[in-house]
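Notes follow once the structure below has been shown.
Lettering of chains follows the sequences in order, A, B, ..., and the numbering in each one begins at 1.
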Amino acid sequence: MSEEKQKIFKPRPVSGYPEWLPEERLVELRWIDEIRSVFESYGFCSIETPSVEEVDVLVAKGGDADKEIYALKRLHEDPDARSDARVALHYDLTVPLARYVAQHYGDLVFPFKRYQIQKAWRGERPQEGRFREFLQCDIDVIDNDNLSIEFDAEMPAIAYEIFQRLNVGNVTININNRKILQGFYSGLGLSNVIEVIRIVDKMDKIGPDGVGKLLLDELRLDGEMVAKCLSLAKIRTNDSSFVSAVRALGIENETLDEGLTELEFVMNALSHIPPGVVFADLSIARGFDYYTGTVYETKLADYPDFPSICSGGRYDNLVSSYMNKRLPGVGFSIGLTRIFVKLLKEGKLDIGAKSPTAVMVAQLPESDRALAATTAQQLRARGINVEMYHEQGKLKNQLRYAERKGIAFVWFPPVDDNGMHEVKNMATGEQVTADIATWRP
RNA sequence: GUGGCUGUAGCUCAGUUGGUUAGAGCGCCGCACUGUGACUGCGGAGGCCGUGGGUUCAAAUCCCAUCAGCCACCCCA
């Protein structure tokens, strides 16, 4: 090596790809465990699909999602090489699920209930609440031909339970049914339903006036139609009274009726959830275009301007691009990273110790290494997280280390044959004798 | 992808109308204390001022480009 200084690369965060400190990651892991446990308590089982899918699979769902897809290639790929199996990172977990269900159709039991907690990647400009790599917690149920509406009602109940357990503060779960929108707009004589939905969905951001203006300017609707659309979008109730409100607008349509019946069922089934959480909100239409019935959108009540933290809905035909069968499904996705980063930024996260260690075994100059190791092992065998301080350095440094890492207890094995084990509580400073066979943190 | 704002120590930021060896707080390392942390005191390390070019006797400071970050739009978890 020459005397020239080695080039140092300044460590930089890559925008949109978050990473955590150990103490933050511990909280994230706890969240994942809670979410898993709620999912499983409802009988959903875990699957994991590869990070990549074939590009054709990802693009098949249509929409303009393909703009956000990250394709994968080797840095020095031979440009002439055949690369039929072009692959790209999945941008959600629903498309991989569709492929998975089609692939393993014969081995799955229906209704197939699965959850999936994995990273997803989207090539968006990152900003608050928006990342290029983020963790999604998806839950879906798929059935043959018909899927009970009861699942539509179960989904928000599961989501609510999770947010309670995670202690993220109050949430608002808004529910709508695409059939209501579809039927209502068709009944009004509108043809470009998707476009209308796209604009009406901006309600919470630009308000009724803004939506009205867009409908007039962009879609050239007449004033009366705009007024009807806005009247529908303004309906928001915490029970099934939205039905009569919609009826009062005087639109007759079969699809509309279906939607109203479904949403009414869902709202009634959720009446056990405390008031102020679940709303029938006829302005929301979140999610990708493939939703056909119930749609959900969940927001943090304390941050109304912050985007949806959990959304999903019902789709009629998950696997149509892979097999000639009709498999309807319903599910939602929790944007774990989005919530996590927001609460972290707001200081609302309960950040604890910097390590999972409960007990650190200290080493005094005259203490017996072997005894320290045995002590640690005995405590571990009882399910306690124990680490040893592997240098016989100054005790001051050992305690400082434990203190800074948030280790709650420091263990002192006896230094002579007649001695006793002692354990020091770092929070109180109190140090007492302890029985290695019975002591608990 | 389109537009606006911002880049000085690990972090948060000072840095006078361009003027010598670029500063603070926090954090980090060491000592005071070789069997007890948090407090205190003292000392230390750490920066080609995002990168490249230009103007000037002189650039962290002015100009251009570029890269990166943040925000808004779009879209969405």
Side-chain angles (χ1 to χ4, degrees), chain A residues 5 7-18 21 35 63-69 90-94 116-139 159 171 198-199 201-202 205-206 210 284-289 291 295-300 305-313 331-342 345 360 362-367 389 391-416 419 422-431:
Chain A
K5 250 190 170 175
K7 172 77 182 168
I8 291 181
F9 286 93
K10 219 179 166 145
R12 293 180 185 288
V14 182
S15 176
Y17 295 81
L21 291 171
I35 293 168
D64 43 17
D66 50 319
K67 280 191 298 192
E68 304 185 343
I69 295 175
H90 57 232
Y91 60 88
D92 73 1
L93 299 174
T94 307
Q116 207 168 337
I117 299 177
Q118 284 184 245
K119 293 273 177 71
W121 294 268
R122 288 184 198 170
E124 301 192 88
R125 272 292 162 76
Q127 48 189 272
E128 188 184 35
R130 247 175 53 176
F131 304 88
R132 288 181 165 164
E133 178 180 66
F134 56 98
L135 197 58
Q136 282 196 311
C137 309
D138 266 47
I139 181 170
V171 297
R198 209 197 81 237
I199 291 176
D201 195 42
K202 296 175 190 296
K205 201 153 201 175
I206 59 179
I284 71 137
R286 294 310 272 198
F288 294 103
D289 287 344
Y291 293 126
V295 286
Y296 316 104
E297 169 197 285
T298 309
K299 306 197 81 169
L300 293 169
D305 294 333
F306 195 67
S308 170
I309 56 166
C310 167
S311 59
F332 66 79
S333 177
I334 298 174
L336 190 148
T337 305
R338 175 174 277 181
I339 309 168
F340 190 80
V341 172
K342 179 62 176 171
K345 186 186 160 199
M360 185 192 86
Q363 294 214 54
L364 301 174
E366 63 273 35
S367 66
Y389 197 89
E391 286 168 53
Q392 295 194 321
K394 292 180 180 171
L395 187 56
K396 162 196 167 71
N397 287 343
Q398 302 191 31
L399 289 168
R400 207 161 104 86
Y401 169 80
E403 191 256 325
R404 293 211 285 186
K405 250 186 146 176
I407 299 171
F409 297 95
V410 173
W411 195 279
F412 295 92
V415 289
D416 58 61
E422 288 184 13
V423 63
K424 179 182 176 75
N425 181 326
M426 291 299 283
T428 62
E430 184 188 29
Q431 186 165 330

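- With rounding to whole Å, Phe131(A) atom CZ is found 15 Å from C75(B) atom C1'.
- At the phosphate of C70(B), OP1 or OP2 sits under 4.0 Å from a side-chain N or O atom of Ser15(A).
- Under the Watson-Crick and G-U wobble criteria, each requiring two contacts below 3.5 Å, nucleotide C67(B) is paired to G7(B).
- Taking the 5.5 Å centre cut-off and the 30° plane limit, the aromatic side chain of Tyr401(A) is not classed as stacked on G37(B).
- Side chains of Pro18(A) and Phe131(A) form a contact here, defined as non-hydrogen atoms less than 4.5 Å apart.
- The phosphate of C73(B) has OP1 or OP2 within less than 4.0 Å of a side-chain N or O from Lys205(A).
- For G46(B), there is no paired base (Watson-Crick or G-U wobble, both distances below 3.5 Å).
- The closest side-chain donor-acceptor pair between Glu297(A) and Ser308(A), if any, does not fall under 3.5 angstrom.
- Atom P of C29(B) sits at a distance of 16 Å from the matching atom of G10(B), rounded to the whole Å.
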- request: Dump the intermediate steps for side chain to side chain contact (heavy atoms under 4.5 Å, CB included) on Phe134(A) and Lys119(A), then the final yes or no.
  value: CA-CA 5 Å; Phe134(A) 56 98; Lys119(A) 293 273 177 71; over 6 Å; no

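- Of the side-chain N and O atoms in Gln127(A), one or more sit less than 4.0 angstrom from OP1 or OP2 of A72(B).
- Between U12(B) and U2(B), the two P atoms lie 29 Å apart (nearest whole Å).
- Between Phe409(A) atom CZ and A38(B) atom C1' there is a gap of 17 Å when expressed in whole angstrom units.
- Checked against G37(B), C76(B), U36(B), the side chain of Glu403(A) finds its nearest nucleotide in G37(B).
- When each of Thr428(A) and Pro126(A) is assigned the nucleotide of RNA chain B bearing its nearest heavy atom, the one mapping closer to the 5' terminus is Thr428(A).
- In terms of modelled atom types and a separation under 3.5 Å, the side chain of Arg132(A) and the main chain of Glu124(A) share a donor-acceptor contact.
- Counting only distance, with no hydrogens or angles, the side chain of Gln363(A) and the backbone of Tyr389(A) share a donor-acceptor pair below 3.5 Å.
- Rounded to the nearest Å, the gap between the P atom of U21(B) and that of G25(B) is 23 Å.
- Atom OH in Tyr17(A) sits about 12 Å away from atom P in C70(B), given to the nearest Å.
- Between Glu133(A) atom CD and A77(B) atom P there is a gap of 17 Å when expressed in whole angstrom units.
- For Arg122(A) and A77(B), the CZ to P distance is 5 Å, given to the nearest whole Å.
- Put simply, the side chain of Gln431(A) and the base of U36(B) share a donor and an acceptor less than 3.5 Å apart.
- Judged by Watson-Crick or G-U wobble contacts below 3.5 Å, the nucleotide U40(B) has A32(B) as its partner.
- Distance, Arg125(A) CZ to C70(B) P: 11 Å, rounded to whole Å.
- Here the side chain of Lys424(A) pairs no donor or acceptor atom with the backbone of Glu430(A) at under 3.5 angstrom.
- For the C1' atom pair drawn from A14(B) and A24(B), the interatomic distance equals 7 Å after rounding to whole Å.
- The pairing partner recorded for U2(B) is A72(B), the criterion being a Watson-Crick or G-U wobble arrangement whose two distances lie under 3.5 angstrom.
- Regarding contacts with the backbone of C75(B), a side-chain N or O of Lys202(A) is found under 4.0 angstrom from either OP1 or OP2.
- When distances run from any side-chain atom of Leu364(A) to the nucleotides G35(B), C75(B), C33(B), the shortest one goes to G35(B).
- The nucleotide whose nearest atom lies closest to any side-chain atom of Pro307(A) is, among C76(B), A77(B), U36(B), C76(B).
- At the heavy-atom level, Leu395(A) lies under 4.0 Å from base atoms of the strands shown.
- When side chains are defined from C-beta on, Met360(A) counts as touching Tyr401(A), because their heavy atoms get closer than 4.5 Å.
- One finds no side-chain N or O of Ser308(A) lying less than 4.0 angstrom from the OP1 or OP2 phosphate oxygen of A77(B).
- Among the atoms of the strands shown, none is found under 4.0 Å from any heavy atom of Val410(A).
- Distances shorter than 4.0 Å separate none of the side-chain N or O atoms of Arg400(A) from OP1 or OP2 on U36(B).
- Pair assignment for U55(B): none, as no Watson-Crick or G-U wobble contacts are both less than 3.5 Å.
- Between Glu430(A) and Phe134(A), the residue anchored nearer the 5' end of RNA chain B, judged by the nucleotide with its closest heavy atom, is Glu430(A).
- Between A65(B) and A9(B), the distance separating the two P atoms is 25 Å to the nearest Å.
- Comparing the same atom, C1', in G46(B) and in U55(B) gives a spacing of 33 Å after rounding to whole Å.
- Ion pairing of Arg122(A) with Glu133(A) is absent here, as no side-chain N (NZ or NE/NH1/NH2) approaches a carboxylate O to less than 4.0 Å.
- Of the P atoms belonging to A45(B) and U6(B), the separation is 35 Å, rounded to the nearest Å.
- Taking atom C1' in both G44(B) and G3(B), the straight-line distance is 48 Å, to the nearest Å.
- Between the NZ atom of Lys424(A) and the P atom of G35(B) there is a distance of 15 Å, rounded to whole Å.
- Note on Gly123(A): nothing from the nucleic acid sits closer than 4.0 angstrom, heavy atoms only.
- With rounding to whole Å, Asp201(A) atom CG is found 14 Å from C73(B) atom P.
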